[in-house]
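For reference, the structure is listed below as structure tokens.
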2 protein chains.
Amino acid sequence: MQDLIKTMKALSDETRLRILNVLLERECCVCEVMQALDISQSRASRNLGILEDAGFLTAKRDGVWTVYSVDWQAANRYATSLAKLLKGSPISNGVSAQDKERLKHAVRVGPAGLRK
Amino acid sequence: MQDLIKTMKALSDETRLRILNVLLERECCVCEVMQALDISQSRASRNLGILEDAGFLTAKRDGVWTVYSVDWQAANRYATSLAKLLKGSPISNGVSAQDKERLKHAVRVGPAGLRK
DNA sequence: AGAGTATATGCGGGTATGCGCATACCCACT
DNA sequence: AGTGGGTATGCGCATACCCGCATATACTCT
């Protein structure tokens, strides 16, 4: 579940969505991204790093440049797994299983009702 | 693009993913969710509201209870649009279009290089 | 109307996030 | 080795987020 959260967090920022949008066009080094989005160098670098850490991008060194490109395979994996989630397949996870177990015994009374 | 960000933000929280997971099982009122996840009432209510605002849930009043259920149609819409995004279809948006335009003129030089 | 219960929300505090600035790091070239 | 340019990162600040507590609101029943 933590991986899924990291994935979603990576996609819930405008800068990073714009980066992804640009990288879908073609692979870029940091300085190209900063020019395309008209943002600072540290901002570009950091957000590229976050997207890479989340698994959406791969980085390769090309001399002085670090070239980032979309990891299509991983992106597809995320897309399909998320689609599956939203179409009804529940999260297979320890915590989630506990939740569902407790749900079986849950009744329509709130905190006050339970206090009795 | 702001909608997409809101959608992703809604999914980037453990509590909300657990709620979604439980609601995929069956529709629930607030007090059932708080029991299933063993969380406080305000926490359950607030996060249910966030998921509803993002479009994943619909709420209907049933007497004292507010019953939340997954909006399958909307969820499917999100799933497919995200899948499309990750499979290469760029974001159609004013800002993103500007970015791509600037990308055409971007070159492999950084801030120092541009200063010259 | 009044009491009781379920849900929503204002408020304050702790934590996480995103950014710019400055600087460290890394690589190529001389 | 030293210099220059591209990239990563520590730090501090402003802001956003999440939560619990207390309270307000909504609904039902007597």
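All values derive from a computational prediction rather than experimental measurement. In what follows, chains are A, B, ... by sequence order, proteins preceding strands, each numbered from 1.
Contact check for Ile50(A) versus Asn47(A): side-chain heavy atoms found under the 4.5 Å cut-off. Side-chain contact check for Tyr68(B) versus Glu27(B): every heavy-atom pair is 4.5 Å or farther apart. Side-chain contact between Val67(B) and Cys28(B) is absent, with no heavy-atom pair separated by less than 4.5 Å.
The separation between Lys9(A) atom NZ and dA16(D) atom C1' is 12 Å, rounded to whole Å. Between the NZ atom of Lys6(A) and the P atom of dT17(C) there is a distance of 11 Å, given to the nearest Å. Rounded to whole Å, atom C1' of dT17(C) lies 15 Å from atom CD1 of Ile5(A). The nearest whole Å value for the distance from the CG atom in Leu51(B) to the P atom in dC18(D) is 11 Å. Summarising the geometry, the separation between CD on Glu32(B) and C1' on dT5(C) is reported as 15 Å, rounded to the nearest angstrom. Residue Arg46(A) contributes atom CZ, which lies 10 Å from atom P of dG20(C) at whole-angstrom precision. Here the C1' atom of nucleotide dG18(C) and the CD1 atom of Ile19(A) are 12 Å apart, to the nearest Å. For the pair Arg43(B) CZ and dC17(D) P, the interatomic distance rounds to 17 Å; values are reported in whole Å.
A salt bridge is defined here as a Lys NZ or Arg NE, NH1 or NH2 lying under 4.0 Å from an Asp or Glu carboxylate O, and Asp3(B) with Lys6(B) fails to meet this definition. Look at Arg102(A) and Glu32(B) and you find no salt bridge, because none of the NZ, NE, NH1 or NH2 atoms lies under 4.0 Å from a carboxylate O.
The phosphate of dA6(C) has neither OP1 nor OP2 within less than 4.0 Å of any side-chain N or O from Tyr68(B). Taking only side-chain nitrogens and oxygens, Asn47(B) comes nearer than 4.0 Å to OP1 or OP2 of dC19(D). An OP1 or OP2 oxygen of dT9(C) is reached within less than 4.0 angstrom by no side-chain nitrogen or oxygen of Ser45(B). Neither OP1 nor OP2 of dC17(D) sits under 4.0 Å from any side-chain N or O of Ser12(A). A sub-4.0 Å separation between OP1 or OP2 of dC18(D) and a side-chain N or O of Arg16(B) is present.
Results of the side chain to side chain contact (heavy atoms under 4.5 Å, CB included) test with Leu51(A) over Asp71(A), Thr15(A), Leu57(A), Leu17(A) single out Leu57(A) as the only residue that passes.
Within 3.5 Å, no donor on the side chain of Arg61(A) pairs with an acceptor on the base of dG6(D), nor the reverse. The base of dA6(C) is not paired with the side chain of Gln41(B) by any donor and acceptor separated by under 3.5 Å.
Of the candidates dT7(D), dA6(C), dA22(C), the closest approach to any side-chain atom of Thr66(A) belongs to dT7(D). In this structure, the nucleotide among dG20(D), dG20(C), dT7(D) sitting nearest to the side chain of Val30(A) is dT7(D). Closest to the side chain of Thr15(A), from the set dA6(C), dC19(C), dG20(D), is dC19(C). When the nucleotides dT17(C), dT5(C), dT9(C) are ranked by their closest atom to the side chain of Val64(B), dT5(C) comes out on top. Comparing dG20(D), dT7(C), dC19(C) by their nearest atom to the side chain of Trp65(B) picks out dT7(C).
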Between Ser96(B) and Arg18(A), is a side chain to side chain donor-acceptor pair (under 3.5 Å) present by the stated rule, with each step listed? CA-CA 6 Å; Ser96(B) 310; Arg18(A) 287 170 64 196; over 6 Å; no
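Between Asp62(A) and Ile39(A), the residue whose closest nucleotide on DNA chain C is further toward the 5' end is Ile39(A).
Ser40(A) comes within 4.0 angstrom of sugar-phosphate atoms only, judged by non-hydrogen atoms across all strands, and of no base.
Overall bending of the helix from dA1(C)-dT30(D) to dT30(C)-dA1(D), expressed as the angle between end axes built from five pairs apiece, is 30° (10° steps).
For the atom pair CG (Leu37(B)) and CG (Leu103(A)), the distance works out to 9.0 Å, reported to the nearest 0.5 Å.
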